[in-house]
Trainee: 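Let me begin by handing over the structure; questions about it come next.
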Amino acid sequence: MIAGARNHKDDVAVPGEFFFTWGDFADVAALLYQMSGIHLTETKANLVYSRLAKRLRALGLKDFSTYIDGVKDPREKEERSAFLSSLTTNLTRFFREPHHFTHLGDAKMPGLVRRARAGDRVRLWSAGCSAGHEPYSMAMTVLEALPDAGRLDVRILGSDIDPLIVQRAATGVYSTEDVEPIPDTLRRKYLHRQGDDYSLSEDVRSLVSFRCLNLLGDWPMKNRFDIIFCRNVAIYFDGPTQDRLFRRFSDTLEDDGHLYIGHSERAQTEGLVADALTAYRREARNG
Ligand SMILES: C[S@@+](CC[C@H](N)C(=O)[O-])C[C@H]1O[C@@H](n2cnc3c(N)ncnc32)[C@H](O)[C@@H]1O
């Protein structure tokens, strides 16, 4: 495209097996934004084409506009899930941005251990947990400080908008390549060989529960959280959507609770004070 020129909606956006115009791209972007808050720019046209082409092929369709009409229909639950799964980026790994787990273990766990041992409820949330590497890394960090966490009122929630990735997370089974970033001592303690793969031990798995949840929709959880990890998720949202989300996290954190976000994200929200690298402490509420 010539700099400054606008793409015409009837022009072909990406040439290929299936007919895909800039108008189709705009429809996909609007639908995805409405469903998830994910903001797509036109630089993502090739990515959209290649990811959704697999769906068109599977359904035996010839053009994107027929596919989009189908996905717009709220009764097409299965294809709407497949659409979301195709367009979300699920890249993750165990102990990603390890300084957050060091902070959780060293700065937060001593206080949380005291509270859990006193019979208090302790709640952690991995919001946008993808295939589970993040909440399970949190669980191993918790167990290192509190080996009997499973017998106390300590729970970790992993949630994601993508139902297929949530199902995958709940299996707790990972490839050799996946488990590579887990430190040796933790691998020996919390992983068991399962054929060519590894499964997480029962004490890790039983601390974590998973649910499918759109962060932009209602949150059915009644209680506040001590710890929220929401990393590399808000980066896909536009500014106002990010601000709204961080405000809701601030409201949902216990006093002195912590929010951890991705390395390229920033939260400038009332009640949240920067405390460590991309980690924010919830200020105490008055009264
Ligand atoms: C790049 S992954 C990040 C995974 C993990 N937090 C990490 O940092 O490794 C982003 C995840 O956010 C999820 N996501 C995107 N929009 C969402 C929304 N509106 N509500 C909940 N999850 C969402 C995607 O499905 C994807 O699994």
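Basis for what follows: all heavy atoms, side chains included, without hydrogens, waters or symmetry-related copies. Every number for a ligand or one of its atoms is a count from 1 in the order of the listing.
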Trainee: Using the benzene-type ring in the case of Trp, are the ring centres of Y260 and H103 under 6.0 Å apart?
Mentor: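 For Y260 and H103, the ring centres are under 6.0 Å apart.
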Trainee: At a 4.0 Å threshold, what atoms of ligand 1 neighbour a non-hydrogen atom of S130?
Mentor: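 Within the 4.0 Å cut-off of S130, ligand 1 contributes 4 (C), 27 (O).
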Trainee: In ligand 1, which numbered atoms sit nearer than 4.0 Å to a non-hydrogen atom of S36?
Mentor: 18 (C), 19 (N)
Trainee: Less than 3.5 Å between some nitrogen or oxygen of R93 and one of ligand 1, yes or no?
Mentor: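 No; the residue has no nitrogen or oxygen that sits under 3.5 Å from a nitrogen or oxygen of the ligand.
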Trainee: Backbone N or O of P220 within a donor-acceptor pair of the D218 side chain at under 3.5 Å?
Mentor: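 Side chain of D218 to backbone of P220: no pair is present.
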Trainee: If you count the atoms of ligand 1 from 1 in the order shown, which ones are under 4.0 Å from a heavy atom of N232?
Mentor: 1 (C), 2 (S), 3 (C), 7 (C), 8 (O), 10 (C)
Trainee: Considering heavy atoms of the protein only, find what lies nearest to atom 4 (C) of ligand 1 and give residue, atom and distance to 0.1 Å.
Mentor: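 Protein heavy atom with the smallest distance to atom 4 (C) of ligand 1: G128 O, 3.4 Å.
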Trainee: Specify whether F229 and H100 have parallel, tilted or perpendicular ring planes, treating 30° as the upper limit for parallel and 60° as the lower limit for perpendicular.
Mentor: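 If you compare the ring of F229 with that of H100, the planes turn out perpendicular.
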Trainee: So, E17 and K62, do they make that salt bridge, N to O below 4.0 Å?
Mentor: no
Trainee: Is the closest N or O pair between L215 and ligand 1 shorter than 3.5 Å?
Mentor: yes
Trainee: Provide the number and element of each atom of ligand 1 under 4.0 Å from a heavy atom of I38.
Mentor: 15 (C), 16 (N)
Trainee: Is R211 reaching over with its side chain to a backbone N or O of V166, donor-acceptor style, under 3.5 angstrom?
Mentor: no
Trainee: Please test Y174 against R168 for side-chain contact (heavy atoms from CB on, under 4.5 Å), starting from the C-alpha separation and ending with a verdict.
Mentor: CA-CA 10 Å; Y174 295 94; R168 157 87 188 85; 3.4 Å; yes
Trainee: How close does the nearest protein non-hydrogen atom get to atom 24 (C) of ligand 1, and which residue and atom is it?
Mentor: D160 OD1, 3.5 Å
Trainee: For I161, is at least one N or O under 3.5 Å away from an N or O on ligand 1?
Mentor: yes
Trainee: Please state which protein non-hydrogen atom is closest to atom 9 (O) of ligand 1 and give its distance, to 0.1 Å?
Mentor: T92 OG1, 2.6 Å
Trainee: Heavy-atom contact check, 4.0 Å cutoff: does F229 meet ligand 1?
Mentor: no
Trainee: Is the distance between the ring centroids of F225 and F249 under 6.0 Å?
Mentor: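 Here the rings of F249 and F225 have centres that are no less than 6.0 Å from each other.
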Trainee: Should F20 and V48 count as side-chain neighbours, where that means a heavy-atom distance under 4.5 Å?
Mentor: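 Contact flag for F20/V48 side chains = yes.
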Trainee: Enumerate, atom names and distances included, each donor-acceptor pair closer than 3.5 Å involving a side-chain atom of residues 22-29, sequence neighbours excluded.
Mentor:
{"unit_1": "W22", "atom_1": "NE1", "unit_2": "N7", "atom_2": "OD1", "d": "3.4"}
{"unit_1": "D24", "atom_1": "OD2", "unit_2": "T21", "atom_2": "N", "d": "3.0"}
{"unit_1": "D24", "atom_1": "OD2", "unit_2": "T21", "atom_2": "OG1", "d": "3.2"}

Trainee: Counting heavy atoms only, which part of N214 comes closer than 4.0 Å to ligand 1: side chain, backbone, both or neither?
Mentor: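 Both parts.
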Trainee: Mind checking whether R96 has an N or O less than 3.5 Å away from an N or O of ligand 1?
Mentor: yes
Trainee: For E134, counting its heavy atoms only, list the atoms of ligand 1 lying under 4.0 Å from any of them.
Mentor: 5 (C), 6 (N), 7 (C), 8 (O)
Trainee: Show, in sequence, the C-alpha distance, side-chain angles and deciding distance for L52 and F64, and conclude whether the side-chain contact (heavy atoms from CB on, under 4.5 Å) test is met.
Mentor: CA-CA 9 Å; L52 291 182; F64 272 72; 3.6 Å; yes
Trainee: Report yes if some N/O of R231 lies less than 3.5 Å from some N/O of ligand 1; otherwise report no.
Mentor: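 Among all N and O atoms of R231, at least one is under 3.5 Å from an N or O of ligand 1.
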Trainee: What's the separation between atom CE in M109 and atom CG in D226, rounded to the nearest 0.5 Å?
Mentor: 9.5 Å
Trainee: Check contact between L213 and ligand 1, using heavy atoms of the residue and a distance below 4.0 angstrom.
Mentor: yes
Trainee: Does any N/O atom on V233 come nearer than 3.5 Å to any N/O atom on ligand 1?
Mentor: no
Trainee: Which ligand 1 atoms are under 4.0 Å away from a heavy-atom of T89?
Mentor: 1 (C), 2 (S), 10 (C), 11 (C), 26 (C)
